[in-house]
Amino acid sequence: MKTMELAKKYHDYVISMRREFHQNPEASMEEYNTSKRIKEELEKMGVEYRGIAGTGVIATIKGAHPGKCIALRGDIDALAVVEETGKDYASKNPGLMHACGHDTHAAMLLGAVKVLNEMKDEIYGTVKFFFQPGEEVGKGARKMVEEGALEGVDSAMGIHIASMLPVGTINAEAGPRMAAADKFKITITGKGGHGSAPHQCVDAVVVGGATIMNLQSIVSRELTPLQPAVVTIGSIHSGTRFNVIAPTAVLEGTVRYYDPEYFKTISAAIERIAKCTAEAYRAEAVVEYENAVKPTINDEECAKLAQETAAKIVGAEKVVMVGPETGGEDFSEFSSIVPGVMTKLGAGNPEKGACYPHHHGKFEVDEDAFVYGVAYYSQYALDYLNKNKTL
């Protein structure tokens with residue numbers, strides 16, 4: 001298969017770019033050097049590109065034949081994690097690390113540009129390559145959409161490398177894949193005073209504790225048990241001293257779900273419970289609630305094609321099923337507008353230390369996976385365009 005042959009040809013290039021990106025991680029929406037290097041590589045290839053969303057880049061390859069337009073997406077931002085791998089290509093930027101594999105996505109997408117640039121004569125339509133900033137903060141994809149990234153695009157496909165799947169495997173399933181990720185903040189205002197005289201006060205700590213416990217009833221008593229959902233309080237800030245009753249308490253948390261309708265249902269429940277609980281204790285509560293990431297729901301036809309393509313790359317027996325996750329992924333900003341599929345590329349190998357979860361200081365991948373990733377990006381684009389070609 002030509003895409004696999006070319007992926008092998010550019011394997012060393014992809015490893016080199018991945019390690020360069022890994023050594024020079026940049027925070028979300030601040031990927032200035034990463035963006036600059038991507039543009040430089042595209043210029044060397046003679047591939048058309050434009051900047052978008054501040055530090056994002058869209059490259060475009062127009063095939064020799066007319067047809068549809070497919071977008072291949074790879075995110076490029078790093079995390080505020082201290083690297084502990086000890087690799088010679090470890091992060092040079094203290095406190096920042098490519099601990100989720102976005103360095104591999106950017107490098108593999110560049111590899112796919114090289115492959116498909118050599119195959120322009122065989123392409124029916126157009127391939128766009130989305131080098132997306134700011135995935136970790138849920139802002140990059142939304143900003144790209146606002147600036148017109150999806151104009152003329154018929155479908156989108158993304159790959160996320162997976163250290164917990166064996167190298168040489170691929171996952172592509174229809175339906176809910178990643179959850180929506182909402183965030184909320186509850187500010188409780190009571191009346192402070194001396195710890196020895198609670199009757200003169202309205203204790204915000206007590207109100208906060210009651211609010212936390214009451215919020216637990218949303219999932220267990222207000223939502224169907226047939227639809228997964230999570231309501232988590234991750235942060236509590238209140239009080240200054242052991243013998244002072246706190247006048248305020250701030251609770252912050254996250255909500256995860258797959259049903260888009262749950263945005264209204266759960267946000268309304270949190271607002272009601274927070275305000276009514278506060279009122280019961282003679283306090284007040286203000287709720288701020290926002291959606292950070294929509295649920296990622298794979299289109300059935302795209303997922304079916306992605307599985308067929310995966311079988312060509314790794315063999316049908318290595319196309320694995322893993323079920324949905326409650327982590328968030330802003331690829332959903334694309335796939336909620338055009339049919340899309342988010343896939344996973346296995347890159348786990350304990351013998352090479354590629355056995356730690358994403359966002360861990362020792363996160364690593366087996367670089368042998370890159371050949372499969374580059375070929376998968378490239379072959380899926382060709383398969384989609386060939387399936388939908390206009391004669």
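Here the structure is a predicted model, which means the values were calculated and not measured. All heavy atoms count here, side chains included; hydrogens, waters and symmetry mates do not.
Asp182 and Asn291 form a side-chain donor-acceptor contact under 3.5 Å, judged by distance and modelled atom types alone. No hydrogens or angles considered: nothing links the side chains of Glu329 and Thr296 as a donor-acceptor pair under 3.5 Å. No side-chain N or O of Asn386 forms a donor-acceptor pair with one of Tyr124 less than 3.5 Å apart. Side-chain contact of Tyr384 with Asp154: a donor-acceptor pair under 3.5 Å is absent, judged by distance alone. In the model, His102 has no side-chain atom that pairs as donor or acceptor with a side-chain atom of Thr104 under 3.5 Å.
Rounded to the nearest 0.5 Å, atoms CG (Asp88) and CZ (Arg19) are 6.0 Å apart. Separating the CD atom in Glu308 from the OH atom in Tyr380 is a distance of 10.0 Å, to the nearest 0.5 Å. With rounding to the nearest 0.5 angstrom, the CD atom of Glu288 is 13.5 Å from the OG atom of Ser267. To the nearest 0.5 angstrom, Lys139 atom NZ is 13.5 Å from Gln132 atom CD. Rounding to the nearest 0.5 Å gives a distance of 8.5 Å between CD of Glu146 and CD of Glu333.
Ion pairing of Lys352 with Asp368 is present here, as a side-chain N (NZ or NE/NH1/NH2) and a carboxylate O approach within less than 4.0 Å. Electrostatic pairing of Glu147 and Lys143 counts as a salt bridge here, judged by a charged N lying under 4.0 Å from a carboxylate O. In this structure, Glu118 does not pair ionically with Lys2, as no charged nitrogen and carboxylate oxygen lie closer than 4.0 Å. Here Lys36 pairs with Glu40 in a salt bridge; the nearest charged N to carboxylate O distance falls below 4.0 Å. Looking at Glu300 and Lys304, no side-chain N of the basic residue comes within less than 4.0 Å of a carboxylate O on the acidic one, giving no salt bridge. Looking at Glu20 and Arg37, a side-chain N of the basic residue comes within less than 4.0 Å of a carboxylate O on the acidic one, giving a salt bridge. Using a cut-off of 4.0 Å between Lys/Arg side-chain N and Asp/Glu carboxylate O, Glu41 and Lys44 are scored as salt-bridged.
Using a 4.5 Å heavy-atom cutoff, the side chains of Pro247 and Lys191 are not in contact. Taking 4.5 Å as the limit, every side-chain heavy atom of Val319 sits out of range of all side-chain heavy atoms of Asn171. At least one side-chain heavy atom of Pro295 sits under 4.5 Å from a side-chain heavy atom of Pro260. Between Val230 and Val219 there is no side-chain heavy-atom pair separated by less than 4.5 Å. Counting heavy atoms from C-beta on, the side chains of Ile61 and Ile123 come closer than 4.5 Å. Side-chain atoms of Thr55 and Thr34, non-hydrogen and from C-beta on, never get closer than 4.5 Å to each other. Between Leu110 and Val374 there is no side-chain heavy-atom pair separated by less than 4.5 Å. Between Glu364 and Tyr356 there is no side-chain heavy-atom pair separated by less than 4.5 Å.
The minimum heavy-atom distance between Asp299 and Pro339, with the atom names listed, is CG-CB, 3.9 Å. Counting all heavy atoms, side chain and backbone alike, Ala99 lies closest to His360 at CB-O, 3.8 Å. For the residue pair Val231 and Gln216, the shortest heavy atom distance occurs at O-OE1, 4.2 Å.
For the side-chain hydrogen bond (donor to acceptor under 3.5 Å, both in side chains) criterion with Arg18, the lone passing option out of Glu367, His105, Gln23 is Glu367. Checked options Val113, Thr126, Leu42; the residue passing with Thr60 is Thr126 (criterion: side chain to side chain contact (heavy atoms under 4.5 Å, CB included)).
Taking the six-membered ring for Trp, His358 and His98 have ring centres at least 6.0 Å apart. Taking the six-membered ring for Trp, Phe370 and Tyr10 have ring centres at least 6.0 Å apart.
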Q) Going through the distances and angles, do Tyr49 and Phe129 end up as a ring pair (Phe, Tyr, Trp, His ring centres under 6.0 Å)? A) CA-CA 9 Å; Tyr49 71 85; Phe129 305 82; over 10 Å; no
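Between Phe331 and Phe334, the two ring planes are perpendicular [angle over 60°; tilted spans 30° to 60°].
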